[in-house]
Chemist: 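Handing you a structure now.
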Amino acid sequence: MPLSWNEIKTRAQTFSQEWANEAREEAEAKSFWDDFFQVFGISRRRVATFEKLVKKLDNKPGFIDLLWKGVILVEHKSRGKNLDKAVQQAKDYLTGLTEAELPKYILVSDFQYFRLYDLENDSHTEFELPELVQHIHLFGFMAGYEKRIYKDEDPVNIQAAELMGQLHDRLEEVGYSGHDLEVYLVRLLFCLFADDTNLFDKGIFWQYLELQTKPDGSDLAMHLASIFQTLNIPTDKRLKNLEESLTQFPYVNGKLFEESLPLAAFDSQMRTMLLQACALDWGQISPAIFGSMFQAVMNPQERRNVGAHYTSEKNIQKLIKPLFLDELHSEFERAKGSKTQLQALHKKLATLRFLDPACGCGNFLVITYRELRELEIQVLRELNKSGQGFLDIREIIQIDVDQFYGIESDEFACQITQVALWLIDHQMNLKVSHEFGQYFVRLPLTKAATIVHGNALRLEWESIVPKAHLNYILGNPPFVGHHLQSISQKEDLHLVLHDIKAAGVMDYISAWFYKASEYILNTKIKVALVSTNSIVQGEQVGILWSVLLNKYQVKIHFAHHTFKWSNEAKGNAAVHCVIIGFANFDTAEKRLYEYGDIKGEPHEIKAKNINPYLVDANDIVIVNRNKPICDVPEMMYGNKPTDGGHFLLTEDEKIEFLIKEPQAEKFIKPFISAREYLNNEKRWCIWLVDAQPNELRNLPEIMKRVEAVKNFRLASVAAATRNYQYHTLFRQVTQPKFDYILVPRTTSENRKYIPIGFFNKNHIVSDTCQAIPNGDLYLFGQLMSQMHMTWVKYTCGRLKSDFRYSKDIVYNNYPFPQNVSEAQKQKVEQAAQKVLDTRANYPDSSLADLYDPLSMPPDLVKVHQALDKAVDLCYRSQAFTNELGRIEYLFSLYEQLTAPMVKVDKKKRKTKATKA
């Protein structure tokens, strides 16, 4: 195992003294370099080769004096020889090496002088033998305090994960599959990582495979089995005559190598894949990333987008910092200078317990563990300000992996999580070694995280970790909308949300919020979960949060508004998320994180209260209503054809149809869907609501279409559609009998306003829109205002990030201004008319053109601003200056209009209508 720096310096001093002041012959070079390697506790024979035959740049053969593959090339000369020529000679050898053999360093020497070249940084250092101790830090890569770099751009990354994926595929092709294959690959991962981070003596796994196995790979499985078995046997219980190449492997424990696996089978190609993997520097990768990448490459269908399957560390930090890390760092700052307080904080860190109930490959747990260990180092550094050091660092490090718990339905991911935590633990141990000058390693493994393979929604979390022992729940449970859920997922949802009406429309992730709220009741446990933004928008808020707030007394402590979930993958699907931190108790320190740009950085805002819409307002929820809470005309759904397209016509199809059957013209009506409306396109439909039977029988082309509609519906999987008897009609007929205001149900979030318009009753409105019969200019003005758009933004559902307007949630619950004077109403009407007039000035531009934020005409912007002000003044005497002021006012007014029906907070917060 690697030595402490103090031991290395002592050995370097002895080496310098023994080899100084004597004339040396080049023939003694082997002894010289054997002794030099022993300075770092390394057997030269195990890692490096003398007289490596290569072809030089001129294609002539040459012998490298000493080569440690991928690490260092040594060229040695007799005392007094020209070292410049030695350097050039060494560089000439590089062209004869394979990519995996290329060194990071070149060292030339003549016994008395050393010249070390760092090929990566294109720098060199020269010193004499007596000065070795002063320059020993340059050889940290040999001592194990610097990670081995085999190639300039070859840390373990997506390419390495794909290489292991290919090995997985080949093993599966030969019949090695399932659980055995997953465990096998996890063991290989551990060995590859251990080989590069001094869990093993540096490079012994690679060296063993290269030297001990046949090129055709026929005996590779046998040798791997021997290594795995050796790693599971304590050194004092191993066979006395175990060959030396195996005795060098340490006892690992941790049950990683305990299970007996059947022998695999390798060939030459597979052996090459594994050796190529060995040539990479597995110590360069974060265990938080490689686990998810590696899991993804196990599925060839997902391999193209492997980077999309892990959570970026940046997003993890957004959750863990406000959940616990910021508070711990503040506590550390307060404790500085006080030994008693620092020791108390250190003890506290060692008692914290964390649960991720959907841990995947352990990303959140690994980053959390690393951050705790980083803070522990800071605490110990502060305690050691005197520089006296610690007698034994092993007795000082208190944080360990057994403080972490996880639940995961994928067995392979469970194994990856377990190993990833051991690996990050070792990385942090190396950091401790470097920080305090004592080599620190936890082998054999005596502690492990508790990672349970199972369905978190069907397990009792109390049986995994008693709530009395737990401090935090965190993670990123799966997002699955109700339309995309499997049968088993729907069963999970109903099992957990058994006492919630309309649970069938909930996103799958809502079950984790419910189960966590149930678990933390009457405790001080804090929870933070990443979620799709659907649970803080639209009807899901009223369904879920009314129970969480009332039954489980949940209080939201912090929240990130909608932001785009990001990673490094190309072509990854857009996922719009929120982060919600909550507990069963209140706190005075509440924080909201707002995003001016969902791809950008958030701004932190202190809040008095955070409600389920992630707004600084009282805890209220908005429920579905079939009637408006204010005195306004009702909104209705559009007409739904469910016709297989047989009742619908394009402009060209309409012309062609009427040539065949001109008598049908009175049954052809303009058809307005959101697409046609927003993009100024024309579409038509066959509308037979008032058609007489004798008329239809004389219209054969129409009857053909009716027959086609009938057949389409009879083939439907929905019984209600199959049983619908009115084949001449749309499946849902809700056409207004009067002229109406049209509101598209879906519109881009990028638009500052939803483009709303007027239509006469002869325009058939599609179910992609909603209609308000008898809607007037004043109502139009209210709906086209920023006040209404603010309400839409916070309360409506989303389709991805686009607004999904709902009459039952958005319109029927909208708090229209009360007690509006006639003069105020007229100003709104006048401003609304100017909006319509300005639109009309652009007959060749569609509404999509006019309301695109980049192409919106300045005069249209100006008249909308005037309309916004007129509507604002209907609410209060001063116009609003920002969105936050608007939504707080609207929630307050909504609460007044609906109290006490949806009130949650018994302690009503006083809300003054002051300028925002």
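If you read the sequence from its start, that first residue is 1, and numbering goes on from there.
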Chemist: Is a donor on one side and an acceptor on the other found under 3.5 Å between the side chain of Asn679 and the backbone of Arg675?
Modeler: yes
Chemist: With ring pair (Phe, Tyr, Trp, His ring centres under 6.0 Å) as the criterion, how do His576 and Phe479 come out once you've worked through the C-alpha distance, each side chain's angles and the decisive distance to 0.1 Å?
Modeler: CA-CA 11 Å; His576 294 83; Phe479 312 157; over 10 Å; no
Chemist: Which heavy-atom pair separates Ser846 from Asn680 by the least distance, and what is that distance?
Modeler: CB-CB, 3.7 Å
Chemist: Given Tyr514, which of Val496, Leu493, Leu457 fulfils the side-chain contact (heavy atoms from CB on, under 4.5 Å) condition?
Modeler: Val496
Chemist: Could you give me the CA-CA distance, side-chain angles and deciding distance for Tyr851 and Arg839, then say whether side-chain hydrogen bond (donor to acceptor under 3.5 Å, both in side chains) is met?
Modeler: CA-CA 10 Å; Tyr851 285 91; Arg839 286 183 188 177; 3.0 Å; yes
Chemist: Walk me through it: do Phe880 and Tyr889 pass the test ring pair (Phe, Tyr, Trp, His ring centres under 6.0 Å)?
Modeler: CA-CA 10 Å; Phe880 295 90; Tyr889 189 97; 5.5 Å; yes
Chemist: A quick test of your reading: do over 12 heavy atoms of other residues, nucleotides or ligands sit less than 6.0 Å from NZ of Lys551?
Modeler: yes
Chemist: Once side chain to side chain contact (heavy atoms under 4.5 Å, CB included) is applied, do any residues pair with Gln833, and if so which ones, sequence neighbours excluded?
Modeler: Leu777, Leu836, Asp837
Chemist: Provide the full list of salt bridge (charged side-chain N to carboxylate O under 4.0 Å, His left out) pairs with a residue in residues 628-639, sequence neighbours left out, each pair given once.
Modeler: Lys627-Glu634
Chemist: Can you name the residues that form a side chain to side chain contact (heavy atoms under 4.5 Å, CB included) with Ala358, not counting sequence neighbours?
Modeler: Asp356, Pro477, Pro478, Trp512
Chemist: With the side chain counted from C-beta on, respond yes when Tyr519 and Ile525 share a heavy-atom pair under 4.5 Å apart, and no when they do not.
Modeler: yes
Chemist: Are Thr898 and Ile629 side-chain neighbours, meaning at least one heavy-atom pair lies under 4.5 Å?
Modeler: yes
Chemist: Kindly write out the residues that satisfy side chain to side chain contact (heavy atoms under 4.5 Å, CB included) with Pro602, not counting sequence neighbours, or none if the list is empty.
Modeler: His560, Tyr593, Tyr595
Chemist: Keeping to residues at least two apart or across chains, list the salt bridge (charged side-chain N to carboxylate O under 4.0 Å, His left out) pairs with something in residues 581-592.
Modeler: Asp326-Arg591, Asp586-Lys590
Chemist: Could you check Thr768 against Arg745 for side-chain contact (heavy atoms from CB on, under 4.5 Å), going step by step and ending with a plain yes or no?
Modeler: CA-CA 6 Å; Thr768 62; Arg745 289 177 63 189; 5.5 Å; no
Chemist: Could Asp619 and Lys555 be called an ion pair, given the rule that one side-chain N must be under 4.0 Å from one carboxylate O?
Modeler: yes
Chemist: Quick one: ring-ring contact (aromatic ring centres under 6.0 Å, His included) partners of Tyr472, sequence neighbours excluded?
Modeler: Phe324, Phe354
Chemist: May I ask you to say whether Glu601 pairs ionically with Lys314, meaning some side-chain N is under 4.0 Å from a carboxylate O?
Modeler: yes
Chemist: Kindly write out the residues that satisfy salt bridge (charged side-chain N to carboxylate O under 4.0 Å, His left out) with Glu822, not counting sequence neighbours, or none if the list is empty.
Modeler: none
Chemist: Under a 3.5 Å distance rule, please check whether Asp776 uses its side chain to pair with a backbone N or O of Leu779 as donor and acceptor.
Modeler: yes
Chemist: Between Gln824 and Ser821, does a side-chain hydrogen bond (donor to acceptor under 3.5 Å, both in side chains) hold up when you go through it step by step?
Modeler: CA-CA 5 Å; Gln824 290 171 325; Ser821 69; 3.3 Å; yes
Chemist: Apply salt bridge (charged side-chain N to carboxylate O under 4.0 Å, His left out) to Glu594 and list each qualifying residue two or more places apart in sequence or on a separate chain.
Modeler: none
Chemist: With a 4.0 Å cut-off on N to O distance, would you call Glu331 and Lys348 a salt bridge?
Modeler: yes
Chemist: Would you please name every residue forming a side chain to side chain contact (heavy atoms under 4.5 Å, CB included) with Pro857, sequence neighbours left out?
Modeler: Tyr842, Leu850, Asp859, Leu860
Chemist: Quick one: do Val765 and Asn639 satisfy side-chain contact (heavy atoms from CB on, under 4.5 Å)? Show the steps, please.
Modeler: CA-CA 6 Å; Val765 58; Asn639 303 277; 3.6 Å; yes
Chemist: Measure the shortest side-chain to side-chain distance between Cys796 and Tyr805 over non-hydrogen atoms and say whether it is less than 4.5 angstrom.
Modeler: no
Chemist: For the residue pair Leu549 and Val547, establish whether any side-chain heavy-atom pair is separated by less than 4.5 Å.
Modeler: no
Chemist: With side chains defined as the heavy atoms from C-beta onward, is the minimum distance between His788 and Phe816 less than 4.5 Å?
Modeler: no
Chemist: With sequence neighbours excluded, tell me which residues meet salt bridge (charged side-chain N to carboxylate O under 4.0 Å, His left out) with Asp492.
Modeler: Arg458
Chemist: Please report the C-alpha distance between Tyr794 and Glu883 in whole Å, then the side-chain angles of each, then the deciding distance to 0.1 Å, and finally whether the side-chain hydrogen bond (donor to acceptor under 3.5 Å, both in side chains) criterion is met.
Modeler: CA-CA 10 Å; Tyr794 281 88; Glu883 184 179 276; 3.2 Å; yes
Chemist: Tell me, do Asp872 and Arg886 make a side-chain contact under 4.5 Å, heavy atoms counted?
Modeler: yes
Chemist: If a pair satisfies salt bridge (charged side-chain N to carboxylate O under 4.0 Å, His left out) and one of its residues is in residues 512-536, list it, with sequence neighbours excluded.
Modeler: Glu327-Lys526
Chemist: Would you verify whether the NZ or CZ of Lys793 falls within 45 degrees of the ring axis of Tyr613 while also being under 6.0 Å from that six-membered ring's centre?
Modeler: no
Chemist: Would you please test Tyr814 and Tyr894 for side-chain contact (heavy atoms from CB on, under 4.5 Å) and show each step?
Modeler: CA-CA 7 Å; Tyr814 183 56; Tyr894 172 81; over 6 Å; no
Chemist: Run Asp739 and Phe758 through side-chain contact (heavy atoms from CB on, under 4.5 Å) and show every step you take.
Modeler: CA-CA 7 Å; Asp739 294 348; Phe758 286 97; over 6 Å; no
Chemist: Roughly how far, to the nearest 0.5 Å, is the CG atom of Leu474 from the CG atom of Leu365?
Modeler: 6.0 Å
Chemist: Phe582 vs Phe513 aromatic rings, parallel, tilted or perpendicular, using cut-offs 30° and 60°?
Modeler: parallel
Chemist: Between Tyr778 and Val820, is there a side-chain heavy-atom distance shorter than 4.5 Å?
Modeler: yes
Chemist: Minimum heavy-atom separation for Ile509 to Ser531, with atom names?
Modeler: CD1-CA, 3.4 Å
Chemist: Suppose we screen for salt bridge (charged side-chain N to carboxylate O under 4.0 Å, His left out). Which residues come up paired with Asp767, at least two apart in sequence or across chains?
Modeler: none
Chemist: Do other residues, nucleotides or ligands put more than 12 heavy atoms under 6.0 Å from Lys467 NZ?
Modeler: yes
Chemist: From Met635 CE over to Cys769 SG, what is the distance, rounded to the nearest 0.5 angstrom?
Modeler: 10.5 Å
Chemist: Would you check if Ile473 and Ile520 make a side-chain contact, meaning some heavy-atom pair closer than 4.5 Å?
Modeler: yes
Chemist: Using 30° and 60° as the class limits, which term best fits the ring planes of Trp791 and Phe891: parallel, tilted or perpendicular?
Modeler: tilted
Chemist: Go through the steps for Arg353 and Asn471 under the test side-chain hydrogen bond (donor to acceptor under 3.5 Å, both in side chains), then give the verdict.
Modeler: CA-CA 5 Å; Arg353 298 290 184 270; Asn471 301 94; over 6 Å; no
Chemist: Is it the case that atom NZ in Lys318 sees more than 12 heavy atoms from other parts of the structure closer than 6.0 Å?
Modeler: yes
